[in-house]
Protein chains: 2
Amino acid sequence: MISPLATPIPQNAQPVLCETELVAVLVSISNNTPHILTLEHGRSFPSGPLMVEHRSLQKGMRNWVEHQTGLKLGHTEQLYTFADPLHGQGHQMVQISYMAFIRQNCDHSLAERSIYDYFPWEDRRDVTTCPLLHTIASRLKQWAASNTQRWQRCTTVFGLEDHAWNDELSLQRYELLWEAGLVPESSWQNGAHLPGLSMHRDYRRILATALSRMRAKIRYTPAVFDLLPRQFTLLQLQQAMEALAGRAMHKQNFRRLVQQQKLVSRTAEYDSPPQGRPAQLYQFAPETAEHCYLAGAKLPLPAIS
Amino acid sequence: MISPLATPIPQNAQPVLCETELVAVLVSISNNTPHILTLEHGRSFPSGPLMVEHRSLQKGMRNWVEHQTGLKLGHTEQLYTFADPLHGQGHQMVQISYMAFIRQNCDHSLAERSIYDYFPWEDRRDVTTCPLLHTIASRLKQWAASNTQRWQRCTTVFGLEDHAWNDELSLQRYELLWEAGLVPESSWQNGAHLPGLSMHRDYRRILATALSRMRAKIRYTPAVFDLLPRQFTLLQLQQAMEALAGRAMHKQNFRRLVQQQKLVSRTAEYDSPPQGRPAQLYQFAPETAEHCYLAGAKLPLPAIS
DNA sequence: CTATATATGCTCTTATTGAGTATATATAGC
DNA sequence: GCTATATATACTCAATAAGAGCATATATAG
């Protein structure tokens with residue numbers, strides 16, 4: 001069965017018994033911005049060890065979150081598993097990270113932070129981040145120097161020169177900044193680091209993974225609806241998408257898209273804004289669930305510089 | 001920091017020390033069909049425990065694979081982590097699965113199996129699977145019975161009625177068949193199960209995840225090139241894409257797509273087929289790496305039944 | 001010279017996207 | 001009742017991109 005080339009397993013090698021920790025990235029939307037629940041002044045996520053009585057990893061994570069926060073989780077998915085050499089001798093810790101959406105955080109004030117506090121360059125809904133992107137571009141250029149392949153990578157990942165900005169590349173962007181020594185977590189640092197909160201361990205990397213995943217997920221599944229109240233206006237829905245994607249969308253086209261697919265149905269009720277025409281309240285129509293398309297209707301990004 | 005609702009951690013709960021196993025789904029293409037490397041008569045994957053001296057999970061997996069098979073890995077990504085209650089008392093086993101592409105399996109005959117031996121319904125390159133899909137459709141209808149929401153799910157996932165076939169939904173399809181009791185792994189069985197090899201533990205589910213992931217991956221990244229020889233004809237490239245996606249593509253449109261993006265550059269050499277005009281050999285031009293688009297150029301699927 | 005299998009070139013229709021213009025509807029405050 | 005304001009709609013239009021078809025060129029084996 002096995003190739004004749006197979007070399008024997010080294011005899012001295014020792015399997016490891018690991019502590020296993022379940023880490024939860026809990027995403028919600030408030031104030032038209034995606035937020036996460038954090039601990040330790042924004043430097044850590046809710047987490048807990050895998051227990052004997054947990055019947056599965058995901059259930060274990062749910063248990064922990066419910067114990068710690070009392071929240072009900074919506075759309076949930078596993079993100080990534082990584083190992084941490086446990087400070088010192090032959091132990092290791094395995095950390096399994098999950099992302100989950102939560103609807104409204106009622107009002108008990110959990111320690112929420114905007115995702116864009118950690119990655120300011122990822123929010124491109126208006127021109128405010130353009131100076132920052134300009135800075136990043138010039139510092140990356142400096143780092144790439146005459147290495148054209150490296151610069152090529154920068155341009156594709158950050159949408160520079162003739163490349164388009166791809167919001168799902170947030171992880172690659174973070175990793176590139178890390179390599180370039182522009183974030184405080186970098187092993188070496190290349191001058192002053194960029195603005196943006198950092199976190200313990202690999203957690204900011206996990207968060208970048210989560211951002212990337214959620215942006216991918218909301219495109220093709222009705223997962224956004226797990227972040228909105230049961231009833232919402234189309235504008236709220238659009239703003240939620242914009243908040244997650246980090247870019248503005250064309251209102252008319254967005255509505256066309258949503259209604260073509262019969263993703264939502266109108267309710268009898270209306271929203272009453274402080275001013276202006278009251279907006280119709282809609283609800284998710286899960287018949288079409290499992291699959292939808294909410295990607296289109298993008299507006300051109302503000303030009304960098 | 002924590003919500004006032006937080007309930008205390010149960011005092012009797014015990015953290016678990018886990019054995020951690022690294023599982024590798026090794027994908028290659030031979031005979032115009034995607035294959036995987038297996039052990040135990042196709043029922044298991046190469047794997048090994050996480051060792052103290054492994055500096056990261058991915059490196060650990062690479063080490064194991066190289067020891068067991070002597071292969072070099074191309075595009076590699078983590079798939080999914082799951083827990084297995086270790087037959088009996090308070091231990092658990094955590095299994096971390098990876099997918100990796102390998103270029104050509106030279107000639108030392110490893111135990112290769114076609115992925116479509118496990119999921120015959122996923123290969124829709126020609127009409128041969130249509131009778132099977134017809135069977136599946138009718139048995140799913142039987143299972144859904146009068147539960148319209150359930151049937152709705154079947155139609156979206158299997159592309160029935162007016163829905164389009166989405167090749168990236170292979171995991172959802174497998175899970176649906178599992179729920180419907182149509183595969184031998186189902187907890188209860190609903191009559192005779194469908195054709196298709198099964199595997200130990202959750203491995204067939206892992207394989208379905210891998211198939212789904214690779215289909216998603218080859219669309220937007222140049223990962224396919226890690227499955228092809230360094231030099232290849234455009235037809236080989238197309239056939240590799242077709243093999244993975246499980247559907248035929250329009251030749252002229254495919255070439256248009258590939259060449260527009262300058263993904264490949266011609267070499268001086270030619271392929272010499274047994275008959276017919278020799279094909280130009282190309283090589284991957286990695287300038288554009290990190291991002292590309294190879295999705296288009298689909299041919300209509302053969303009608304089911 | 002022919003059968004065969006590949007490589008190319010070009011056209012055409014349709015659907016999707018991005019983007020713009022115009023208008024309708026409701027409320028608050030004067 | 002009029003006006004400012006903020007929303008909800010309706011339509012149009014151009015530019016691509018995607019799916020599909022037709023035709024032809026090129027090389028080899030026999």
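Residue numbering restarts at 1 for every chain, and letters A, B, ... go by the order of the sequence lines.
In this structure A:Glu175 satisfies the salt bridge (charged side-chain N to carboxylate O under 4.0 Å, His left out) test together with A:Arg205, sequence neighbours excluded. Residues satisfying the side-chain contact (heavy atoms from CB on, under 4.5 Å) criterion with A:Gln252, sequence neighbours excluded, are A:His250. For the side-chain contact (heavy atoms from CB on, under 4.5 Å) test, residues two or more places apart in sequence or in another chain that qualify with A:Pro229 are A:Gln104, A:Gln236. Not counting sequence neighbours, the partners of A:Phe101 by the ring pair (Phe, Tyr, Trp, His ring centres under 6.0 Å) test are A:His75. B:Phe232 is linked by a ring pair (Phe, Tyr, Trp, His ring centres under 6.0 Å) to B:Phe225, counting only residues two or more places apart in sequence or in another chain. Not counting sequence neighbours, the partners of A:Ser265 by the side-chain contact (heavy atoms from CB on, under 4.5 Å) test are A:Gln283, A:Ala285. For A:Gln238, the side-chain contact (heavy atoms from CB on, under 4.5 Å) partners two or more places apart in sequence, or in a different chain, are A:Leu235, A:Glu242, A:Met249, A:Lys251, A:Phe254.
Distances were taken from every side-chain heavy atom of B:Arg255 (C-beta onward) to each of D:dA8, C:dT8, C:dA19; the shortest belongs to C:dT8. Across D:dA18, D:dT9, C:dT6, the shortest atom-to-atom separation from the side chain of A:Arg266 is found for D:dT9. When distances are taken from the side chain of B:Lys251 to each of C:dT8, C:dT17, D:dT9, the shortest belongs to C:dT8. The nucleotide whose nearest atom lies closest to any side-chain atom of B:Pro278 is, among D:dA18, D:dT9, D:dT28, D:dT28. The side chain of B:His250 lies closest to D:dA20, out of C:dT8, D:dA20, C:dG18.
In this entry the distance linking CG of A:Leu257 with C1' of D:dT9 reads 16 Å, nearest Å. A:Gln280 places its CD atom 12 Å from the P atom of D:dA10, with the value rounded to the nearest Å. What separates CZ of B:Phe232 from P of C:dT6 is a distance of 17 Å, to the nearest Å. As rounded to whole Å, 13 Å separates atom P of C:dC10 from atom CD of B:Gln259. If you take CG of A:Asn253 and P of C:dA15, they are 18 Å apart, rounded to a whole angstrom. As a whole-Å value, the separation of B:Tyr270 OH from C:dA7 C1' is 10 Å. The interatomic distance linking B:Met249 (CE) with C:dA7 (C1') rounds to 18 Å, in whole Å. Taking atom CD of residue A:Gln238 and atom C1' of nucleotide C:dG18, one finds them 14 Å apart after rounding to whole Å.
Base pairing in DNA chain D gives the following stems of 3 or more Watson-Crick or G-U pairs, range against range and under 3.5 Å: C:1-30 with D:1-30.
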Under 3.5 Å, which N/O atoms of the protein pair with N/O atoms of nucleotides 23-25 of chain D?
residue, atom, partner, partner atom, Å
D:dA25, N3, B:Arg277, NH1, 3.4

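Within the 4.0 angstrom heavy-atom criterion, no nucleotide atom of any strand lies near A:Leu234. When heavy atoms are screened at a 4.0 angstrom cut-off, B:Arg256 is found touching base atoms of the nucleic acid.
The 5' end of DNA chain D is approached more closely, in terms of each residue's nearest nucleotide, by A:Tyr282 than by the other of A:Tyr282 and B:Gln260.
Judged by the 6.0 Å and 45° rule, A:Arg124 forms a cation-pi pair with A:Trp165.
For the pair B:Lys72 and B:Asp226, the salt-bridge criterion is not met [side-chain N within less than 4.0 Å of a carboxylate O]. Contact check on B:Glu168 versus B:Arg219 returns a salt bridge, with a Lys/Arg side-chain nitrogen under 4.0 Å from an Asp/Glu carboxylate oxygen.
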